[in-house]
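Below is one structure, written out as structure tokens; the observations come after it.
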Amino acid sequence: MLAINYTTMRNRLKDFCDAVTDQNETVIVIRKEEKNVVLISLEKYNQMVKASRNAEYISMIDRSIDQLETGRGQHHELIEVEDE
């Protein structure tokens, strides 16, 4: 992980973009008033988004299981579709 200031990033943008994509590096750009940003590859970003969605989905399933175990679930009959 690299931490650089905004001016360095601006002056060497290509170098840092290459480091992020070619070497799987993470770059933190330090800015005034702690308005820092992080530069990561699209691949790493997509992995993070997928992991976040998976965590939300698992949490939803866990809440559903808890509801069933505490008797707050609902029983529904299946709807049968007739063949045409």
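- Here Glu77 pairs with His75 under the side-chain hydrogen bond (donor to acceptor under 3.5 Å, both in side chains) rule; sequence neighbours left out.
- A 4.5 Å side-chain heavy-atom check between Tyr6 and Ile30 finds every atom pair outside the cut-off.
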Show which side-chain atoms of residues 56-66 pair as donor or acceptor with protein atoms under 3.5 Å away, not counting sequence neighbours.
unit_1, atom_1, unit_2, atom_2, d
Ser59, OG, Arg63, NH1, 2.8
Ser64, OG, Met60, O, 3.1

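- Scored by the side-chain contact (heavy atoms from CB on, under 4.5 Å) test, Val81 finds no partners at all (sequence neighbours excluded).
- Residues forming a side-chain hydrogen bond (donor to acceptor under 3.5 Å, both in side chains) with Glu80 (at least two apart in sequence, or on another chain): none.
- Cluster note: Leu68 groups with no other residue, as no ILVMFWY side-chain heavy atom lies under 4.5 Å from it.
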Q: List the steps and the verdict of side chain to side chain donor-acceptor pair (under 3.5 Å) for Thr8 and Asn11.
A: CA-CA 5 Å; Thr8 302; Asn11 293 337; over 6 Å; no
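- Criterion: ILVMFWY side-chain heavy atoms under 4.5 Å apart, direct or through other members. Under it, Val20 and Met48 are not part of a common hydrophobic cluster.
- Between atom SG of residue Cys17 and atom CE of residue Met9 there is a gap of 5.0 Å, rounded to the nearest 0.5 Å.
- Under the rule for a side-chain hydrogen bond (donor to acceptor under 3.5 Å, both in side chains), Arg53 has no partner lying at least two apart in sequence or in another chain.
- Inter-residue side-chain proximity for Val27 and Ile4 is flagged as met; some heavy-atom pair is nearer than 4.5 Å.
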Let me check something: any side-chain donor-acceptor pairs from residues 35-43 under 3.5 Å, sequence neighbours excluded? List them with distances.
unit_1, atom_1, unit_2, atom_2, d
Asn36, OD1, Arg31, N, 2.8
Ser41, OG, Lys44, N, 3.1

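- At a threshold of 4.5 Å between non-hydrogen side-chain atoms, the residues Phe16 and Val29 do not count as touching.
- Listed by chain and residue number, nothing satisfies the side-chain hydrogen bond (donor to acceptor under 3.5 Å, both in side chains) test with Thr21 (two or more places apart in sequence, or in another chain).
- Among residue pairs with one or both ends in residues 4-30, those qualifying as salt bridge (charged side-chain N to carboxylate O under 4.0 Å, His left out) are Arg12-Asp15, Lys14-Asp18; sequence neighbours excluded.
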